[in-house]
Chemist: 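One structure coming up, written as structure tokens, with questions to follow.
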Amino acid sequence: MKKPYRTQIFSGALMILLTLFAGISLALAQSNNPGPKIGIKGGLNLSQLYLDQPNVESESMKMGIHFGLFSKIPINSFLAVQPEVLYSNTGSKVSYGGSDFENVFGIQEGEIRFNLNYIQVPVALAVNLGPLNVHAGPYLSYLLSANVKDWKTSETSPTPVRELETDDFNKIDYGLVVGVGFDINAVNVGARYNYGLRNIGKDGLAGNLTDNSKNAVVQVYLGFGF
């Protein structure tokens with residue numbers, strides 16, 4: 001008999017807390033929302049292609065970089081649109097093994113490193129909570145170049161993977177971004193996750209080698225606005 005009553009109290013208290021939080025956040029946003037600005041940003045990429053193949057022994061994140069321009073255009077004291085144009089280096093490091101994979105692709109046991117270089121255009125909607133902002137939206141990318149290297153266990157230098165070139169990969173990539181950032185005067189710092197929605201490899205060797213993988217990138221960045 002007491003359980004529904006306690007549930008009602010909990011629900012009521014939760015609604016009150018959420019209302020208070022929304023009110024405080026709105027007040028902070030009204031007083032501290034950054035105005036229109038344009039700036040430069042750059043930082044670290046931690047990327048992975050989340051391959052799913054029986055011959056994949058292990059997969060690790062590849063470190064890369066991104067840099068470019070950003071703008072923040074307020075809609076009101078609470079919301080802003082944040083378009084950007086970035087150069088972004090993504091990919092993955094994958095350890096392969098087994099004679100079956102060697103027989104099919106001519107690749108010995110070792111580590112395959114994917115390097116994909118994009119021009120990325122994310123357009124996020126930012127919710128401002130004082131100096132803190134939470135942002136999310138779509139992105140569109142164009143592949144500038146790609147190379148895949150095979151670091152065999154018996155070698156000290158990489159070799160190209162059987163004529164695998166930029167044209168073997170889809171030139172257009174798209175997906176979603178979600179992240180958090182802090183605007184402290186002219187400085188912007190934050191972290192973001194990029195979730196790709198399109199396969200990076202075309203049909204043929206690239207498609208088979210990447211097993212229809214998509215981009216997955218964590219970005220940590222520092223920006224300076226004007």
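Predicted model only: the values in this text are computed from it and were never measured.
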Chemist: Go through the structure and list residues passing ring pair (Phe, Tyr, Trp, His ring centres under 6.0 Å) with F67, not counting sequence neighbours.
Modeler: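 For F67 the ring pair (Phe, Tyr, Trp, His ring centres under 6.0 Å) partners, ignoring immediate neighbours, are Y87.
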Chemist: Taking a hydrophobic cluster as the set of Ile, Leu, Val, Met, Phe, Trp and Tyr residues connected by side-chain heavy atoms closer than 4.5 Å, whether directly or through intermediates, do L86 and V180 fall within one such cluster?
Modeler: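 L86 and V180: separate clusters.
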Chemist: What are the two closest heavy atoms between D183 and K37, and how far apart are they?
Modeler: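 D183 and K37 have their closest heavy atoms at OD1-NZ, 3.5 Å.
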Chemist: Measuring from L125:CG to I75:CD1, what's the distance to the nearest 0.5 Å?
Modeler: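 So the gap between those two atoms works out to 5.5 Å.
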Chemist: Working note: L144 + I119, criterion side-chain contact (heavy atoms from CB on, under 4.5 Å); need CA distance, chi angles, decisive distance, verdict.
Modeler: CA-CA 7 Å; L144 295 175; I119 290 293; 3.6 Å; yes
Chemist: Pair up each side-chain donor or acceptor in residues 219-226 with any protein partner under 3.5 Å, not counting sequence neighbours, and list the distances.
Modeler:
from	atom 1	to	atom 2	distance (Å)
Q219	OE1	N194	ND2	3.2
Q219	NE2	N45	OD1	3.4

Chemist: Should Y195 and N215 be marked as a side-chain contact (heavy atoms from CB on, under 4.5 Å) after you check the CA-CA gap, both sets of side-chain angles, and the distance that decides it?
Modeler: CA-CA 6 Å; Y195 181 75; N215 280 306; over 6 Å; no
Chemist: Which heavy atom of Y118 sits nearest a heavy atom of S141, and at what distance?
Modeler: CD2-CB, 3.7 Å
Chemist: Roughly how far, to the nearest 0.5 Å, is the OH atom of Y142 from the NZ atom of K171?
Modeler: 4.0 Å
Chemist: How many angstroms lie between atom CG of N115 and atom NZ of K62, to the nearest 0.5 angstrom?
Modeler: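 Going from the CG atom of N115 to the NZ atom of K62 covers 4.5 Å.
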Chemist: Provide the closest heavy-atom pair for L116 versus A146 in the form atom of the first, atom of the second, distance.
Modeler: CD2-CB, 3.5 Å
Chemist: side-chain contact (heavy atoms from CB on, under 4.5 Å) between V123 and H135: does it pass, once the steps are laid out?
Modeler: CA-CA 9 Å; V123 180; H135 56 272; over 6 Å; no
Chemist: Any salt bridge between R192 and E84, counting N to O under 4.0 Å?
Modeler: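 Salt bridge between R192 and E84, a charged N being under 4.0 Å from a carboxylate O: yes.
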Chemist: Rounded to the nearest 0.5 Å, what separation is found between the CG atom of N89 and the CD1 atom of I65?
Modeler: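 With rounding to 0.5 Å, CG (N89) is 6.5 Å from CD1 (I65).
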Chemist: Take N199 and K214, measure what side chain to side chain donor-acceptor pair (under 3.5 Å) needs, and give me the verdict at the end.
Modeler: CA-CA 5 Å; N199 298 338; K214 304 174 180 65; 3.2 Å; yes
Chemist: Shared ILVMFWY cluster between V81 and L132, side chains joined below 4.5 angstrom?
Modeler: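 V81 and L132: one cluster.
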Chemist: Looking only at non-hydrogen atoms, find the nearest pair between P74 and A80 and report the distance.
Modeler: CA-CB, 3.8 Å
Chemist: I'd like to know if the side chain of S47 reaches the main chain of G91, judged simply by a donor and an acceptor atom lying under 3.5 Å from each other, with no hydrogens or angles considered.
Modeler: yes
Chemist: Where do N117 and L143 come nearest, in terms of heavy atoms and distance?
Modeler: O-CD1, 3.5 Å
Chemist: So Y193 and V177, side-chain contact (heavy atoms from CB on, under 4.5 Å) or not? Walk me through it.
Modeler: CA-CA 6 Å; Y193 180 69; V177 300; over 6 Å; no
Chemist: In terms of hydrophobic clusters joined by side-chain contacts under 4.5 Å, are F182 and F78 together?
Modeler: yes
Chemist: Measure the CZ-OG1 distance between F114 and T90 for me, rounded to the nearest 0.5 Å.
Modeler: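 These two atoms lie 11.0 Å from each other.
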Chemist: Return the CD1 to CD1 distance between I38 and I73, rounded to the nearest 0.5 Å.
Modeler: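 It is 9.0 Å, given to the nearest 0.5 Å.
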Chemist: Given side chains that start at C-beta, do those of L197 and L176 come closer than 4.5 Å, heavy atoms only?
Modeler: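 A side-chain contact under 4.5 Å exists here.
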Chemist: When you compare the side chain of D173 with that of Q120, does any pair of heavy atoms fall below 4.5 Å?
Modeler: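 Answer no - side chains too far apart.
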Chemist: Determine whether N128 and L79 make a side-chain contact, defined as any pair of heavy atoms from C-beta on separated by less than 4.5 Å.
Modeler: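 Heavy-atom side-chain distance check fails, nothing below 4.5 Å.
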Chemist: Report yes if some heavy atom in the side chain of M63 is under 4.5 Å from a heavy atom in the side chain of L46; otherwise report no.
Modeler: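 Heavy-atom side-chain distance check passes, below 4.5 Å.
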